[in-house]
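Below is one structure, written out as structure tokens; comments come after it.
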Amino acid sequence: AQSVAQPEDQVNVAEGNPLTVKCTYSVSGNPYLFWYVQYPNRGLQFLLKYITGDNLVKGSYGFEAEFNKSQTSFHLKKPSALVSDSALYFCAVAPGGGNKLTFGTGTQLKVEL
Amino acid sequence: NAGVTQTPKFRILKIGQSMTLQCTQDMNHNYMYWYRQDPGMGLKLIYYSVGAGITDKGEVPNGYNVSRSTTEDFPLRLELAAPSQTSVYFCASSPTQVSYNSPLHFGNGTRLTVT
């Protein structure tokens with residue numbers, strides 16, 4: 001069975017500093033990996049995905065994520081955090097050829113002035 | 001385009017009551033999904049559909065039913081509400097299956113409380 005782990009319930013970072021939100025996964029075959037963001041009282045919004053190719057994936061709002069096959073990780077990063085980045089972030093995985101997306105438990109990102 | 005629309009936004013049910021959560025999308029997407037979100041638990045897949053007339057169970061289908069008579073609509077039915085069904089429910093859609101490079105489009109959710 002596929003699974004996703006987000007080891008940190010909350011990440012705090014100062015505005016302007018780099019941020020990292022961690023994600024590790026377990027899946028049979030090649031993974032399809034996603035990051036979604038959720039703002040209060042809203043549905044999830046797609047940020048970026050890794051399907052194949054370059055291990056560094058760039059997405060919306062200046063976010064990027066690095067796929068590491070040996071460590072089965074897909075950490076979300078941003079060089080310079082903004083207060084407006086404060087939200088709940090979800091990592092998700094689907095097996096190649098599969099239809100079911102499995103989500104992690106989410107990481108609350110708080111960016112402070 | 002409105003995207004994925006869910007109604008109602010909030011609902012309080014008494015134990016044993018029934019209700020239908022509505023979901024409609026105007027993007028002509030074949031795939032539709034129902035998730036529930038509980039604090040600290042992430043999202044769990046309840047049911048999904050790959051097209052009109054076709055539905056299948058997800059991880060946590062017990063206590064729920066779905067139907068898909070049209071491409072646009074994918075209602076979720078709770079027959080005998082229980083406190084364990086207190087949650088936030090999200091409907092989502094995608095043009096193709098997830099692994100074919102197709103991110104999900106989510107509605108804004110329905111917050112359900114069963115007391």
Side-chain angles (χ1 to χ4, degrees), chain A residues 1-10 21 23-54 57 59-60 63 65 87-108, chain B residues 2-10 21 23-25 27 29-51 54-61 87-111:
Chain A
Q2 60 206 58
S3 65
V4 175
Q6 292 183 243
E8 302 154 318
D9 291 335
Q10 182 160 322
V21 182
C23 170
T24 59
Y25 67 90
S26 173
V27 70
S28 298
N30 294 324
Y32 284 40
L33 294 155
F34 302 79
W35 276 101
Y36 285 82
V37 59
Q38 185 181 31
Y39 298 100
N41 300 313
R42 300 297 299 274
L44 279 69
Q45 298 176 29
F46 169 73
L47 266 184
L48 53 78
K49 63 181 182 285
Y50 171 83
I51 305 298
T52 187
D54 194 348
V57 178
S60 306
F63 283 93
L88 186 57
Y89 290 81
F90 289 96
C91 181
V93 67
N99 188 44
K100 294 181 183 178
L101 196 59
T102 297
F103 287 86
T105 53
T107 298
Q108 186 70 48
Chain B
V4 178
T5 303
Q6 292 183 239
T7 57
K9 292 184 179 179
F10 305 94
L21 282 66
C23 175
T24 187
Q25 51 94 7
M27 297 172 284
H29 286 174
N30 286 323
Y31 289 70
M32 295 188 74
Y33 310 81
W34 275 105
Y35 286 91
R36 61 177 287 172
Q37 183 181 26
D38 300 301
M41 299 294 290
L43 279 77
K44 301 293 185 184
L45 181 64
I46 305 172
Y47 271 95
Y48 68 100
S49 168
V50 301
I54 306 170
T55 63
D56 204 352
K57 295 178 181 179
E59 301 173 76
V60 290
S87 187
V88 181
Y89 292 84
F90 287 100
C91 179
S93 72
S94 62
T96 63
Q97 70 179 39
V98 171
S99 59
Y100 287 168
N101 200 21
S102 179
L104 301 182
H105 299 254
F106 283 84
N108 286 332
T110 294
R111 187 176 296 273

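Each chain gets a letter, A, B and so on, in the order its sequence line appears, and its residues count up from 1.
Within the 3.5 Å criterion, the main-chain N or O of B:Leu104 finds a donor-acceptor partner in the side chain of A:Tyr36.
Looking at heavy atoms from C-beta onward, A:Gln38 lies out of side-chain contact with B:Leu43 at the 4.5 angstrom threshold. For the pair B:Arg111 and A:Asn41, the minimum side-chain heavy-atom distance is below 4.5 Å.
For a residue to count as touching a neighbouring chain, one of its non-hydrogen atoms must lie under 4.5 Å from one of that chain's; by this rule B:Leu45 touches chain A with the side chain only. If you measure heavy-atom distances from B:Val88 to chain A, you find no contacts under 4.5 Å at all. At a 4.5 Å heavy-atom cutoff, B:Glu59 makes no contact with chain A through either its backbone or its side chain.
A:Thr105 approaches B:Met41 most closely through the heavy-atom pair CG2-C, 4.0 Å. Closest of all the heavy-atom pairs between A:Phe90 and B:Gly42 is CE2-CA, 3.8 Å.
The CZ atom of A:Phe103 sits 11.0 Å away from the NZ atom of B:Lys44 when rounded to the nearest 0.5 Å. The distance from atom OH of B:Tyr35 to atom CG of A:Leu101, rounded to the nearest 0.5 Å, is 4.5 Å.
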